[in-house]
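Data block below; observations after.
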Amino acid sequence: MESILVSACLMGRRVRYDGGAKTSSDERLAAWWREGRLVPFCPEVEGGLAIPRPAAEIEGGAGGAAVLAGTARVLAADGSDVTAEFVAGARAALAAARDAGARLAVLKEGSPSCGALTIYDGTFAGRRVAGQGVTTALLEEHGIRVFTEEQVTEAAAYLRTLET
């Protein structure tokens, strides 16, 4: 049975920067949970950040690949540099996915760690730009397909291709 890495906040865990969760009501995620497929994970917490913590964004909206390449930083709203924690969390997520044999992930869109299609632009003004978070960039660099919580249908279709 194929395992799926999933953002812990989507499974109701209160790990977000504001101490909250973003619990998904998607029935497929619930079914995968009952089947024992899901590996809940929060890269920011696993990277050493507290709950709650200041919001963070990738400077200039540069994206996760730029952070991994060392050409952009992840900055918290209080001005602190949390790049090392985001990179450590991404590496821990990759290790967790590999340990579970996961070849796909369903992650929280918009997050500087988990965003797959969009991230915030680095100005803390609530504006999104096209781009990936640090964890998503690392997972995809290593062949793990990442879907957002709005793409569970697409994730399910991909899962079927892996299991045939």
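In this structure, the side chain of S7 engages the main chain of K108 through a donor-acceptor pair within 3.5 Å. Looking at E59, its side chain does come within 3.5 Å of a backbone N or O of R73 through a donor-acceptor pair. A donor-acceptor pair under 3.5 Å is formed between the side chain of E109 and the backbone N or O of L117. Listed for the E57 side chain is a donor-acceptor partner under 3.5 Å among the backbone atoms of T123. At least one donor-acceptor pair under 3.5 Å links the side chain of R53 to the backbone N or O of A50. Put simply, the side chain of T148 never gets that close to the backbone of A116: no donor and acceptor are under 3.5 Å apart. One N or O on the side chain of E140 and one on the backbone of V146 form a donor-acceptor pair closer than 3.5 Å. In this structure, the side chain of S113 does not engage the main chain of P43 through any donor-acceptor pair within 3.5 Å.
Taking SG of C42 as the start and CD1 of I51 as the end, the distance is 6.5 Å to the nearest 0.5 Å. The CD1 atom of I58 sits 9.5 Å away from the CD atom of Q132 when rounded to the nearest 0.5 Å. Summarising the geometry, atom CG belonging to L94 is positioned 9.5 Å from atom OG1 belonging to T135; distances are rounded to the nearest 0.5 Å. Here the straight-line distance linking atom CD1 of I119 with atom SG of C114 works out to 12.5 Å at 0.5 Å rounding. The NZ atom of K22 sits 5.0 Å away from the CZ atom of R16 when rounded to the nearest 0.5 Å. For the atom pair L104 CG and I4 CD1, the distance stands at 5.0 Å (nearest 0.5 Å).
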key: Working for side chain to side chain donor-acceptor pair (under 3.5 Å), residues D26 and S24   = CA-CA 5 Å; D26 190 286; S24 173; 5.3 Å; no
inquiry  = The test is side-chain contact (heavy atoms from CB on, under 4.5 Å); show your working for M11 and T23 and say whether it passes.
reply    = CA-CA 5 Å; M11 301 310 298; T23 308; over 6 Å; no
query = Hey, mind stepping through L49 and Y17 against side-chain contact (heavy atoms from CB on, under 4.5 Å) and telling me if it holds?
reply = CA-CA 9 Å; L49 296 173; Y17 75 95; over 6 Å; no
message = The test is side-chain contact (heavy atoms from CB on, under 4.5 Å); show your working for V67 and T83 and say whether it passes.
response = CA-CA 7 Å; V67 173; T83 305; 3.8 Å; yes
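Cluster annotation: V39 is connected to I144 through the hydrophobic network of ILVMFWY side chains, with a link wherever side-chain heavy atoms come within less than 4.5 Å. Hydrophobic clustering (ILVMFWY, side-chain heavy atoms < 4.5 Å, transitive): L5 and F86 are in one cluster. Under a hydrophobic clustering in which Ile, Leu, Val, Met, Phe, Trp and Tyr are joined whenever their side-chain heavy atoms come within less than 4.5 Å, directly or via other members, F41 and V82 fall into the same cluster. Hydrophobic cluster membership differs between Y120 and L68, with clusters built from Ile, Leu, Val, Met, Phe, Trp and Tyr side chains linked at under 4.5 angstrom. L107 and L162 fall into different hydrophobic clusters, where Ile, Leu, Val, Met, Phe, Trp and Tyr residues are linked whenever their side-chain heavy atoms come under 4.5 Å apart, directly or through other members.
Both cation-pi conditions hold for R145 and Y158: the charged atom is under 6.0 angstrom from the six-membered ring centre and inside a 45 degree cone around its axis.
The shortest side-chain heavy-atom distance between V129 and T118 does not fall under the 4.5 Å cut-off.
The environment of R28 atom CZ is dense: over 12 non-hydrogen atoms of other residues, nucleotides or ligands sit within 6.0 angstrom. Within a 6.0 Å sphere centred on CZ of R37, heavy atoms belonging to other residues, nucleotides or ligands number more than 12.
Nearest heavy-atom pair across P112 and A56 is CG-O, 3.2 Å. A100 and S3 make their closest contact through O-OG, 3.2 Å (heavy atoms, listed as atom of the first residue, atom of the second, distance). Considering all non-hydrogen atoms of both residues, R13 and P40 come closest at NH1-CB, 3.6 Å. Contact between S80 and D78 at its shortest, heavy atoms only, is OG-OD1, 2.7 Å. Closest approach of A21 to C9, counting heavy atoms only: CB-O, 3.7 Å. When all heavy atoms of L139 and A105 are compared, the pair lying nearest together is CD1-CB, 4.2 Å.
Between R103 and E2 there is a salt bridge, since at least one side-chain N of the basic residue sits less than 4.0 Å from a carboxylate O of the acidic one.
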